[in-house]
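What follows is a set of notes on a single structure, which appears directly below.
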Amino acid sequence: KDAVSSVVASVKNVQGLSASEWEVAEEYVNVFKPFKVLTATMSSATSPTISMVIPELNKLKHILQNDCGLEATCLPTLREDLVSAIDHRWPQYEANRLYAISTYVDPRYKDCGFSADSCAAFAHSLVLSEMTLMSSRQSRAVTSSLSSSTTSAISGMCSCTNVCHALK
């Protein structure tokens, strides 16, 4: 408030804000404060962030939809527009394979970072599917490795046999 008042006072032909305009400005600050916190959290270099996408977007939407101590007298449609913008920019973010698996395997969130039990169950099925796929790849790699070792040993024996026959 002090900074804005100082700037307004230094500009010619601009009147200061009225009491009601200050209330609206404070309300804007309150509405956008969760965005500031989220931006700072997601910009942190000290913690993994891909697993935070689902829980943090859900928390942000919850704050905007449920008012959570924020006044909504002057800005009722702004909150709705912001929730719509989140849904538009991150459509079906809880169904995104990378986000869902990352959130589910992060011990900070596991299945409580999701908006519904069905979304957590979907993430659980994705993790199980990925584990099964990794297990089958590993089995094929071991089989392939054993097969090539056996082939090398046999071909080594064959060349040794050929040398032995040549010496006789």
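Start at 1 with the first residue, then count along the sequence. No hydrogens, no waters, no symmetry mates; every other heavy atom, side chains included, goes into these values. Treat the numbers as computed from the prediction; the structure is a model and nothing was measured.
- The shortest distance between side-chain heavy atoms of Leu78 and Glu27 does not fall below 4.5 Å.
- Annotation: ring pair (Phe, Tyr, Trp, His ring centres under 6.0 Å) contacts involving residues 104-136, sequence neighbours excluded, comprise Tyr104-His124.
- Residues forming a side chain to side chain contact (heavy atoms under 4.5 Å, CB included) with Leu38 (at least two apart in sequence, or on another chain): Met42, Glu56, Leu60.
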May I have the step-by-step check of side-chain contact (heavy atoms from CB on, under 4.5 Å) for Thr41 and Val37, ending in yes or no?
CA-CA 6 Å; Thr41 302; Val37 171; 4.2 Å; yes
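- Atom CD1 of Ile50 and atom CE of Met52 lie 11.0 Å apart (nearest 0.5 Å).
- In this structure, the side chain to side chain contact (heavy atoms under 4.5 Å, CB included) partners of Ser44, at least two apart in sequence or on a different chain, are Thr46, Ser47.
- Remark: side-chain polar atoms of Ser43 are not paired, donor with acceptor, to backbone N or O of Ala40 under 3.5 angstrom.
- The line from CG of Asp81 to CD1 of Ile86 is 11.5 Å long, rounded to the nearest 0.5 Å.
- Here Ser18 contributes atom OG and Glu21 contributes atom CD; the two are 3.5 Å apart, rounded to the nearest 0.5 Å.
- Here the side chains of Glu80 and Gln65 are not in contact, with every heavy-atom distance at 4.5 Å or above.
- Between Ser102 and Ser51, the shortest heavy-atom contact is O-CB, 3.2 Å.
- Applying the salt bridge (charged side-chain N to carboxylate O under 4.0 Å, His left out) test to pairs two or more places apart or on separate chains, those with a residue in residues 106-120 are Asp106-Arg108.
- The OG1 atom of Thr103 sits 11.0 Å away from the CG atom of Leu126 when rounded to the nearest 0.5 Å.
- Scanning both residues, Glu94 and Ser115, for their nearest heavy atoms gives OE2-OG, 2.5 Å.
- Residues Ser5 and Trp22 have side chains in contact (heavy-atom distance under 4.5 Å, counting atoms from C-beta outward).
- Contact check for Val105 versus Val127: side-chain heavy atoms found under the 4.5 Å cut-off.
- Among residues at least two apart or in separate chains, ring pair (Phe, Tyr, Trp, His ring centres under 6.0 Å) pairs with a member in residues 32-60 are Phe32-Phe35.
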As a quick check of understanding, evaluate side chain to side chain donor-acceptor pair (under 3.5 Å) for Asn58 and Tyr93, giving each step before the final call.
CA-CA 10 Å; Asn58 284 339; Tyr93 60 90; 2.4 Å; yes
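- Rounding to the nearest 0.5 angstrom, the gap separating the CG atom in Leu17 from the CD atom in Gln15 is 10.0 Å.
- In this structure Glu26 satisfies the salt bridge (charged side-chain N to carboxylate O under 4.0 Å, His left out) test with no other residue, sequence neighbours excluded.
- In this structure, Ser6 contributes its side chain and Asp2 its backbone to no donor-acceptor pair below 3.5 Å.
- Heavy atoms only, all atoms of each residue included: Pro34 and Ile63 are closest at CG-CG2, 3.8 Å.
- Cluster annotation: Leu98 and Ile101 are assigned to the same hydrophobic cluster (Ile/Leu/Val/Met/Phe/Trp/Tyr, side-chain heavy-atom contacts under 4.5 Å, transitive).
- With Ser135 contributing its side chain and Met131 its backbone, the two residues share no donor-acceptor pair below 3.5 Å.
- Asp87 CG to Lys61 NZ: the interatomic distance, rounded to the nearest 0.5 Å, is 3.5 Å.
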